[in-house]
Amino acid sequence: MTELDRPAVPVATTLDQPVEMRDGVVLRADVHRPASGGPYRTVLVRGPYGESVFRSQPVTAWLHAGMAVVLQHCRGRGSSDGEFVPWENEGRDGADTVAWITKQPWSNGEVVASGGSYLAGCALQLAAERPAGLKAVVASVTPHDFYEGLKYHGGAFAVGSAFHWGSMQGLLGVMHGIAGGRPPGDGFATLLGALAEPDAALRTTPVRDMPGVSEMFPFWRDWTDHPERDAYWRGLAETLRHDRIDVPVLHTAGWFDVFLRGTLENFRRIPGGRLVIGPWTHLSQMSGVGELNFGHAAAAATALLEPTQIEFLSGSTDGPRVRYFTMGANEWREAESWPPPGVTQTPYYLHAGGTLSPGEPEADAAPSTFVHDPDDPVPTHGGGVLLPDPVNVGPRDQRAIEERPDVLCFTTPVLTADVEVTGPVTAVLHAATSAPGADWTAKLVDVWPDGRAMSVTDGIVRSPGDRTRHEIDLAATSQTFRAGHRIRVEIASSNFPRFDRNPAMVRADHTVFHDAARASWISLPVRAS
């Protein structure tokens with residue numbers, strides 16, 4: 001049956017349905033259900049972005065699959081009462097809403113939760129509460145921890161995405177306040193000015209004083225005042241206890257999503273789930289991303305992602321445990337584990353003179369040096385980012401970046417055969433700085449025969465000045481480096497504004513060692529052909 005052949009489903013809709021939480025706060029939801037028949041399994045989606053994001057939810061497809069749908073505003077957002085505190089109440093509020101749904105005459109007592117990004121976090125936090133009636137979760141592009149991989153990566157503050165999201169929440173808070181009769185406040189104009197000139201705002205030092213967002217979004221200073229994973233972050237982590245989730249979860253990730261590592265960690269920590277990874281970003285699942293197009297098969301629509309998710313929510317457990325897209329080869333693969341069988345972590349060593357190879361370095365190889373200037377940081381150019389600039393994402397040509405004197409490049413000879421890299425990627429640097437502290441970045445790059453240097457994945461670590469061994473997490477990828485291409489690793493000390501500048505804020509001499517006693521390498525998960 002095609003979409004056009006589907007019979008019409010008469011729908012009963014209730015807007016702004018009040019649902020009282022255990023503390024008396026009233027949240028509101030839009031309820032859609034088939035107007036006759038039933039009772040029905042219900043899809044619950046909870047979000048903090050207002051009605052506009054709910055328009056993107058596949059309500060019609062869920063209804064055609066024979067399910068009711070509840071779209072609920074988180075507290076302090078949309079038409080819901082209360083105060084919005086990121087991540088704090090989502091598990092309890094979700095559990096209370098599940099209890100309400102199961103008592104409705106149109107409910108068969110079974111609830112499934114779905115969402116992407118923050119909405120997926122709501123679904124997982126709800127699952128950690130183990131409410132009676134919850135049967136499954138679809139969680140797309142969402143972090144596994146509120147500190148590592150969300151606000152901080154390797155100790156560096158993800159200032160670009162934090163500003164993007166914090167500013168949006170500041171504006172949503174103003175709108176919610178105005179609806180309740182409160183004036184917007186003096187910081188509103190400052191926030192609008194910062195959004196009009198984000199480049200200037202992002203260079204604010206200290207970061208905690210960033211104009212507008214620090215005034216209109218009170219949690220900004222909570223994030224910046226806790227650069228370590230201390231009691232503040234551990235308290236939030238208690239709302240996402242992976243060991244308490246006992247329903248099946250379908251995880252969806254993107255190779256260029258800011259939360260790639262988070263989705264992979266969620267899959268690893270929650271048993272019995274399924275995983276789909278495409279060459280997608282946080283906001284797009286089309287075949288084209290950044291400066292590359294991976295072919296029609298890469299698009300989520302062609303890959304039948306939505307029908308797969310709906311079948312999962314309907315109770316189907318059929319299908320491969322892991323389905324992932326290999327870039328370069330541009331094809332989908334299936335496996336029963338992640339990483340897939342046949343992967344060998346293979347060190348590719350950095351050598352003097354800018355070469356990269358599996359061969360170990362010479363004993364007396366001279367180090368590489370560069371000068372880091374915090375006033376002229378290496379600019380973010382693509383990657384798994386979520387920045388105010390929606391174009392600056394995904395694989396992008398790095399040649400202009402590589403011309404900078406503060407970026408070191410290490411490149412293999414031209415490949416005589418394909419090399420498939422599928423799985424987690426890490427880099428280990430032996431390096432020193434003259435500063436009190438330094439950031440160390442690594443970027444994996446696919447160098448094409450025409451000279452293009454297309455980014456694949458990257459990472460960062462923030463280290464004290466007396467540390468000389470630095471391990472950098474580059475998350476993961478599935479990339480075939482084709483014969484005729486070359487593999488490259490870029491080393492630098494900044495990636496701004498994806499990450500904030502090192503708080504030492506001093507011009508410094510940096511040294512990267514690559515001799516036998518102080519080898520530096522990238523560990524690539526090479527898959528046997």
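Computation of the quantities below employed the complete heavy-atom set of this structure, encompassing side-chain atoms and omitting hydrogens, waters and symmetry-equivalent molecules.
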Atom pairs and distances, donor-acceptor, side-chain atoms in residues 32-40, under 3.5 Å, two or more places apart:
residue, atom, partner, partner atom, Å
H32, ND1, T13, OG1, 3.2
Y40, OH, S36, O, 2.2
Y40, OH, G38, N, 3.2

R469 bridged to E471 by N-O distance under 4.0 Å
yes

Aromatic W332 / basic R323 pairing, under 6.0 angstrom, 45° off normal
yes

To the nearest 0.5 Å, what is the distance between CG (L27) and CZ (R77)?
12.5 Å

Hey, would you say the W255 and Y324 ring centroids sit under 6.0 Å apart?
no

Between H282 and S117: side-chain donor-acceptor atoms closer than 3.5 Å
yes

Determine the sole option in D81, D23, D96 for which the salt bridge (Lys or Arg N to Asp or Glu O under 4.0 Å) test with R75 is passed.
D23

Using atom types as modelled and distance alone, determine if a side-chain donor or acceptor of R527 lies under 3.5 Å from a backbone N or O of T422.
no

Taking all heavy atoms of T477 and all of W338, pick out the closest pair and write down the distance.
O-CH2, 4.2 Å

ring-ring contact (aromatic ring centres under 6.0 Å, His included) pairs touching residues 286-322, sequence neighbours excluded, are none

R498 side chain to G384 backbone, donor-acceptor under 3.5 Å:
yes

When Y147, F496, W220 are each screened for ring pair (Phe, Tyr, Trp, His ring centres under 6.0 Å) with F157, the one that passes is W220

Quick test of your reading of the model: are E420 and R333 salt-bridged, counting only N-O distances below 4.0 Å?
yes

Can a donor-acceptor pair be found between the side chains of T263 and H251 at a distance below 3.5 Å?
no

Can you tell me if S107 uses its side chain to pair, donor with acceptor, with the backbone of Q104 under 3.5 Å?
no

Under 3.5 Å: donor-acceptor pair, side chain of S337, backbone of P339:
yes

Could you note down all residue pairs passing salt bridge (charged side-chain N to carboxylate O under 4.0 Å, His left out) where residues 104-126 supplies at least one of them, sequence neighbours left out?
R41-E110

Going by the salt bridge (charged side-chain N to carboxylate O under 4.0 Å, His left out) test, which pairs reach into residues 116-142, not counting sequence neighbours?
R130-D246

Not counting sequence neighbours, list each pair that qualifies as a salt bridge (charged side-chain N to carboxylate O under 4.0 Å, His left out) and has a residue in residues 284-295.
E291-R396

For H144 and N266, test the side chains for any donor-to-acceptor distance below 3.5 angstrom and give the result as yes or no.
no

Tell me if a side-chain donor or acceptor on D257 pairs with a main-chain N or O of A253 at a distance below 3.5 Å.
no

Tell me whether Q169 contacts the main-chain N or O of F217 through its side chain, where contact means a donor paired with an acceptor under 3.5 Å.
no

Picking from D145, D458, D473, what satisfies salt bridge (Lys or Arg N to Asp or Glu O under 4.0 Å) with R261?
D473

Qualifying side chain to side chain donor-acceptor pair (under 3.5 Å) pairs, either residue in residues 150-165, two or more places apart:
Y49-W165

How long is the straight-line distance from CG of N495 back to CG of D500, given to the nearest 0.5 Å?
11.0 Å

Within the 3.5 Å criterion, strictly below it, is a donor on E90 or T239 matched to an acceptor on the partner's side chain?
no

Within the distance-only criterion (no hydrogens, no angle test), does the side chain of N392 pair as donor or acceptor with the backbone N or O of T380 below 3.5 angstrom?
yes

Under the 3.5 angstrom rule, does the side chain of T346 hit a backbone N or O of T344 as a donor-acceptor pair?
yes

For residues H176 and F84, establish whether the separation of their ring centroids is below 6.0 Å.
no

Minimal non-hydrogen separation, M67 against L313, with atom names:
SD-O, 4.1 Å

Going by heavy atoms in the side chains, are L474 and T426 under 4.5 Å from each other?
no

Checking S80 side chain against G76 main chain: does a donor-acceptor pair fall under 3.5 Å?
no

